[in-house]
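Written below as structure tokens is the structure these notes are about.
Just follow the structure's listing: the first ligand is 1, and inside any ligand the first atom is 1.
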Amino acid sequence: MRAPWAFSVVLLAGSGCAPNVPPGRSVSVGTSSHGYLRSGVRMPLAGPGFKVVRDPEAAFGTARMVGLITRAAAAVERRLGPGPDLRVGDLSLEAGGRIEGHGSHRAGRDADVLYFARDAAGRPADPGAMAFRRTGEGERDGRRYRLDTTRTWALVEAMLTDSEVEVQWIFCSHGIKVLLIEEALAQGEGADLELVRRAAWILHRPSNSRPHDDHLHVRIFCSEEERALGCADTAPLWAWSSADEKLPASSATDEEILAALGSEPEGTGRVAAH
Ligand SMILES: [Zn+2]
């Protein structure tokens with residue numbers, strides 16, 4: 001499952017060698033909860049179908065993570081027409097590492113995004129951060145809203161069918177997961193049942209964190225190249241994922257991998273200012 005040297009790279013990082021990663025190439029190193037990020041790429045603060053709504057200093061990810069969010073937001077607009085922008089929250093700090101308010105988000109492979117909403121009259125709305133109950137209803141500033149299941153499912157679908165990146169998890173509350181799966185199945189013969197089956201695994205309420213009733217948390221797998229450089233996926237690798245085959249048959253030693261990566265960048269333990 002995981003290359004045996006993956007953990008030791010995380011533990012040994014910091015012993016210091018000249019970086020040898022291609023200039024500007026972003027690399028997720030270690031795990032989401034204990035890793036860091038090299039050459040982080042900042043999300044554009046706005047683009048087709050999205051805008052960053054949190055601290056821009058916490059809007060860094062690998063190029064793959066940033067690409068996934070931008071492509072998915074654009075895909076939702078193409079499919080359903082213009083609507084409220086996808087509100088993008090925290091990704092990682094530029095160098096990754098510990099970030100205030102998150103147990104993970106350390107290695108450029110996690111991103112928080114808000115749910116799409118409709119107002120009480122059913123019109124697309126942009127209420128900002130708010131929690132939705134399992135019925136899909138919620139309130140903010142004295143106004144009632146509903147989860148926009150159509151637009152939110154379109155976002156999930158776009159991420160799970162992305163041509164370049166494999167999504168490991170989309171954390172959400174259990175109630176919202178049910179609403180999204182129901183939305184997908186309501187498309188009748190147009191529903192992609194294999195996609196729905198995968199979504200039933202990937203949409204998940206983690207047992208060790210907040211219920212995720214006010215945002216989706218997306219985590220992606222390492223790329224093949226990143227794995228060779230110390231990126232470490234944690235279980236599970238899904239049955240349909242090609243990740244197992246992608247694991248490199250590398251004979252590199254810890255020292256060789258560290259030499260390729262260089263030392264852990266300074267400031268990795270820096271805390272984001274919110
Ligand atoms: Zn998150």
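Every residue two or more places apart in sequence or in another chain was checked for a side-chain hydrogen bond (donor to acceptor under 3.5 Å, both in side chains) with Arg143, and none qualifies.
Taking the centre of each ring, Trp169 and Trp238 come in below the 6.0 Å mark.
Among the atoms of Asp110, none of the N, O or S atoms falls under 2.8 Å from the Zn ion (ligand 1). The Zn ion (ligand 1) has an N, O or S atom of His217 closer than 2.8 Å. Because the distance cut-off is set at 2.8 Å, His105 qualifies as a neighbour of the Zn ion (ligand 1) through one of its N, O or S atoms.
Of the N and O atoms on the side chains of Arg106 and Ser32, not one donor lies less than 3.5 Å from an acceptor on the other residue.
Taking the Zn ion (ligand 1) as reference, Asp112 places its N/O/S atom OD1 nearest.
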For residues 75-84, which side-chain donor-acceptor pairs fall under 3.5 Å, sequence neighbours excluded?
| unit_1 | atom_1 | unit_2 | atom_2 | d |
| --- | --- | --- | --- | --- |
| Arg79 | NH1 | Glu157 | OE1 | 2.5 |
| Arg79 | NH2 | Glu157 | OE1 | 3.4 |

